[in-house]
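For reference, the structure discussed in these notes is given below.
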Amino acid sequence: MGELEKFVIVYLAGVTGIWKGIPAGIGLKLVPIYTGLYTALGSITTVLILFFAGDSFKNWIMKLYGEKRIARKKGKFSRFANRYGPWGLGLITSGLLGPITSVLLGLVFFTNTKKFVVILMAGILIWSVILAYIFSPIVELITNSAF
């Protein structure tokens, strides 16, 4: 399999989330920087698609999950958002919850979604590259060791 095909696979896996793109890149034995970058590009693509879907998408989410259910969860999320702000939230949730969940929460709960999405994209890039560099040598060590 050529490099281009590997990049496309990691990108497409990244579209579904960081935690799927990184293992795909490591499994395909890509250099960690390429794994992180193509995973981030895929995840950022998803974030931008969801962001540009706009109010109609937000209304669909509200209808799908129910405004009462979201209102109950909004209290916990609001405390977290008030404590850490969009910077903390965009940088923390992108790696822990994944980019798709993070952007959905941001679209529903934040009024200034543009700022949040920019911060979220930075968080996705940071988390993707760091995770690729952390897990690549660990997987290499495990696969090369004689257990």
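Nothing here was measured: the structure is a model prediction, and the numbers come from that model.
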Looking only at heavy atoms, what is the nearest atom pair of [X] and [Y], with distance?
{"X": "Ser43", "Y": "Gly14", "result": "OG-O, 2.7 Å"}
{"X": "Ile26", "Y": "Ser136", "result": "CG1-OG, 3.5 Å"}
{"X": "Gly25", "Y": "Val10", "result": "CA-CG2, 3.4 Å"}
{"X": "Leu91", "Y": "Ala122", "result": "CD2-C, 4.3 Å"}
{"X": "Ser94", "Y": "Gly90", "result": "OG-O, 3.0 Å"}
{"X": "Pro137", "Y": "Ala132", "result": "CD-O, 4.5 Å"}

Honestly curious: do [X] and [Y] fall in one hydrophobic cluster under the side-chain, below-4.5 Å linking rule?
{"X": "Ile18", "Y": "Leu28", "answer": "no"}
{"X": "Leu104", "Y": "Tyr84", "answer": "yes"}
{"X": "Trp87", "Y": "Val47", "answer": "yes"}
{"X": "Leu125", "Y": "Ile92", "answer": "no"}
{"X": "Ile130", "Y": "Ile124", "answer": "yes"}

| query | Can any side-chain N or O of Thr143 pair as donor or acceptor with the backbone N or O of Glu140 at less than 3.5 Å? | reply |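 Checking the backbone N and O of Glu140 against the side chain of Thr143, a donor-acceptor pair under 3.5 Å is found.
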Do the side chains of [Y] and [X] get nearer than 4.5 Å, heavy atoms only?
{"X": "Val129", "Y": "Thr39", "answer": "no"}
{"X": "Lys6", "Y": "Val8", "answer": "no"}
{"X": "Val15", "Y": "Lys20", "answer": "no"}
{"X": "Leu48", "Y": "Met121", "answer": "yes"}
{"X": "Leu97", "Y": "Leu105", "answer": "yes"}

| request: Begin with the C-alpha distance, continue with both residues' side-chain angles, and end with the deciding distance and a verdict on side chain to side chain contact (heavy atoms under 4.5 Å, CB included) for Met1 and Ile9. | output: CA-CA 11 Å; Met1 180 182 303; Ile9 290 170; 3.7 Å; yes
| task | Check side chain to side chain donor-acceptor pair (under 3.5 Å) between Ser102 and all other residues, then give those that pass, not counting sequence neighbours. | result |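 Once residues adjacent in sequence are excluded, the partners of Ser102 under the side chain to side chain donor-acceptor pair (under 3.5 Å) criterion are Thr93.
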| query | Quick one: CG on Leu41 to OG1 on Thr46, what's the gap to the nearest 0.5 Å? | reply |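 With rounding to 0.5 Å, CG (Leu41) is 11.0 Å from OG1 (Thr46).
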| Once you round to the nearest 0.5 Å, how far does CD1 of Ile126 lie from CG of Leu131? |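 Here the interatomic distance stands at 11.5 Å.
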| Pairs flagged by ring-ring contact (aromatic ring centres under 6.0 Å, His included) wherever residues 114-135 is involved - sequence neighbours left out |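 Passing the test, one end in residues 114-135: Phe110-Phe116.
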| field | Summary of ring-ring contact (aromatic ring centres under 6.0 Å, His included) pairs that have at least one residue in residues 11-50, sequence neighbours excluded | value |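 Pairs touching residues 11-50 that pass the test: Phe7-Tyr34, Phe7-Tyr38.
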